[in-house]
Amino acid sequence: MARNPTVYKRCDCPDKNRPKKGGCKHSWSYNLTTSEGNRTRATIPDSVGLTQAQGQSILDGLPSGAAPEPAEVNLTFQKWAADWLSRRRPKVITLQQYEMAIRLHLNPRWGRQRLRTIKKAQVEAWVQEMEANKHVANSTAYGHWKVFQMIMKDALQNGKITANPTYEVEGPYVSASPFYVFSTDECWAIYDEFPERYRPIPMIGFGCGARQGEAFAVCDDAISSDGKLLTVHRQVLTTKETGYNPLLVDRLKTSPRLNTKDVPVPPYLQDALGQYMERFPPQATETVLWEHKKKIDGCKRGSARPLFWTSHRGLLRRNYFNENVWRPTLQKLGIKDEDGNTPTFHDLRHTFISVCLQNGIPEHTVAAWVGDTVEELRRTYSHLLKDHVDTHGAVAARLTARPTPSPSRVDIAA
């Protein structure tokens with residue numbers, strides 16, 4: 001096969017480049033160079049009904065000299081899902097989520113069905129079933145849907161199916177996730193009541209917008225020499241990949257899209273961290289220098305000095321912290337949400353973002369500080385951005401209002 005061959009059709013069908021249902025019945029072709037060096041025309045098997053872009057993607061995904069294979073008629077969803085999963089290279093925790101979704105939810109519903117027989121109407125009915133199932137959270141259903149979408153798109157790109165049954169199908173409805181916004185008095189009450197050994201941790205949450213694992217992983221080298229800037233590029237992980245032991249890793253949740261983020265440190269937090277490090281000096285430990293698409297075991301090791309340790313000289317575990325430190329403190333203070341539940345540590349991050357947006361800090365600046373994209377910020381905090389109608393909207397109205405007529409010379413003379 002020549003390098004980067006281009007698919008084409010010789011038919012006169014009006015919709016040959018974007019075949020519709022019941023439209024063009026011809027397959028896509030491409031120019032093939034034989035082993036003798038001769039040029040000939042070859043056909044992509046089972047390419048009837050594919051768009052030109054879909055046909056081209058099949059050829060682009062093949063190594064030089066290879067030819068597309070005809071689709072396997074009896075290929076089941078379960079078999080192709082296993083093949084798809086074996087080729088993924090995300091973080092281990094993401095891979096576990098994919099595997100769980102396939103094993104517990106997708107295979108029981110689609111596993112034995114032949115891939116080529118899955119139709120759009122069946123997929124739409126399945127989406128409605130998930131939305132009507134009160135035992136499945138809408139966010140969980142949406143996660144299953146995204147994995148299913150990726151598997152079917154991959155099957156199309158590899159020529160296993162001729163049309164993607166998820167095309168133009170809307171996934172399960174996902175309502176806005178509720179979150180709690182702490183008042184300033186509540187934040188400082190938590191700080192005052194927190195055990196001395198862990199006291200600055202919630203302040204890093206509501207003062208810098210850090211996630212829980214990022215707050216646990218703050219080291220002395222992450223604080224600038226003048227104490228005004230916090231560089232977040234580590235987290236404490238406790239997953240299957242770490243043997244369920246807390247491990248310091250040079251990696252953010254958003255990596256590789258974003259490997260580091262800088263956020264200003266409020267003066268009160270500068271003072272609190274300075275006093276804390278005098279009382280509890282940082283201790284050296286091993287840190288994993290994570291590399292994209294590598295497992296933790298295959299990464300190099302370095303050294304860092306985290307600020308926060310347990311009384312047994314161990315890194316903090318999320319479960320221990322939540323059950324033995326965070327929850328008892330909030331229960332003692334009587335802090336609850338509208339449903340009577342204890343707010344989570346992550347709600348401190350929501351509080352930081354909400355306060356910033358409500359007070360006019362540009363959303364792109366807030367997004368850079370917390371490590372989100374502007375789109376993610378708009379989707380999650382759209383109700384807060386609407387509040388800017390009264391503030392920024394008034395400024396815009398004043399700038400675009402009809403100019404006031406200047407006084408005439410007669411008026412001046414009078």
Side-chain angles (χ1 to χ4, degrees), residues 179-184 186-188 190-191 194 198-237 248-277 280 282 287 289-290 302 304-308 315-316 318 321 326 343-381 384-385 388:
F179 54 84
Y180 185 86
V181 176
F182 293 94
S183 67
T184 304
E186 287 175 332
C187 289
W188 283 100
I190 293 172
Y191 173 77
F194 231 61
Y198 310 119
R199 186 162 290 167
I201 294 178
M203 187 179 284
I204 295 173
F206 73 75
C208 297
R211 296 181 174 90
Q212 190 175 42
E214 296 168 351
F216 291 170
V218 171
C219 300
D220 57 356
D221 64 351
I223 306 170
S224 61
S225 57
D226 58 5
K228 296 182 179 180
L229 193 68
L230 179 68
T231 300
V232 182
H233 62 97
R234 298 186 182 100
Q235 62 176 319
V236 173
L237 287 181
L248 190 65
V249 181
D250 281 48
R251 178 176 79 185
L252 296 182
K253 180 181 179 180
T254 52
S255 58
R257 176 180 65 81
L258 183 69
N259 288 318
T260 185
K261 55 187 179 183
D262 296 321
V263 58
V265 180
Y268 60 79
L269 182 53
Q270 297 177 34
D271 296 338
L273 289 176
Q275 296 171 10
Y276 178 83
M277 285 189 283
F280 300 97
T287 180
L289 306 177
W290 183 73
R305 290 161 46 90
L307 272 57
F308 305 113
L315 293 172
L316 285 171
R318 190 184 305 267
F321 179 87
W326 174 260
T344 65
F345 185 92
H346 200 73
D347 288 322
L348 293 174
R349 174 180 168 86
H350 288 303
T351 299
F352 173 79
I353 296 174
S354 299
V355 169
C356 289
L357 293 177
Q358 286 177 316
N359 287 276
I361 298 179
E363 47 192 277
H364 65 271
T365 300
V366 180
W369 286 348
V370 299
D372 279 341
T373 63
V374 173
E375 289 73 20
E376 290 171 331
L377 219 62
R378 289 173 177 171
R379 182 172 60 251
T380 307
Y381 302 94
L384 297 177
L385 296 174
H388 293 178

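For reference, positions follow the sequence shown, starting with 1.
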Can I get a per-line list of side-chain donor-acceptor pairs under 3.5 Å for residues 200-207, giving both atom names and the distance, sequence neighbours left out?
none

Throw together a table of side-chain donor-acceptor distances under 3.5 angstrom for residues 265-272, partners on residues two or more places apart or in other chains.
residue: Gln270; atom: NE2; partner: Val265; partner atom: O; Å: 3.0

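Checking each of Tyr276, Phe216, Phe194, Tyr198 against Phe308 for a ring-ring contact (aromatic ring centres under 6.0 Å, His included) leaves exactly one that passes, namely Tyr276.
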Could you walk me through whether Lys261 and Thr254 pass the side chain to side chain contact (heavy atoms under 4.5 Å, CB included) check?
CA-CA 10 Å; Lys261 55 187 179 183; Thr254 52; over 6 Å; no
Using the rule given for side chain to side chain contact (heavy atoms under 4.5 Å, CB included), can you reason through Ile223 versus Met277, listing the C-alpha separation, both sets of side-chain angles and the distance that settles it, and then say yes or no?
CA-CA 12 Å; Ile223 306 170; Met277 285 189 283; 4.1 Å; yes
Working for side chain to side chain contact (heavy atoms under 4.5 Å, CB included), residues Trp369 and Ile353:
CA-CA 9 Å; Trp369 286 348; Ile353 296 174; over 6 Å; no
As a quick check of understanding, evaluate side chain to side chain contact (heavy atoms under 4.5 Å, CB included) for Lys253 and Arg211, giving each step before the final call.
CA-CA 9 Å; Lys253 180 181 179 180; Arg211 296 181 174 90; 3.7 Å; yes
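Legend: residues meeting side-chain hydrogen bond (donor to acceptor under 3.5 Å, both in side chains) with Gln275, ordered by chain and number and at least two apart, are absent. By the side-chain hydrogen bond (donor to acceptor under 3.5 Å, both in side chains) test, Tyr180 pairs with Glu186, sequence neighbours left out. The side-chain hydrogen bond (donor to acceptor under 3.5 Å, both in side chains) check on Ser224 picks up Asp226, with sequence neighbours excluded. Among residues two or more places apart in sequence or in another chain, the salt bridge (charged side-chain N to carboxylate O under 4.0 Å, His left out) test is passed with Asp250 by Arg234.
Put simply, the side chain of Arg305 never gets that close to the backbone of Cys219: no donor and acceptor are under 3.5 Å apart.
Residues Val236 and Leu248 share a closest heavy-atom pair of CG2-CD1, 4.1 Å.
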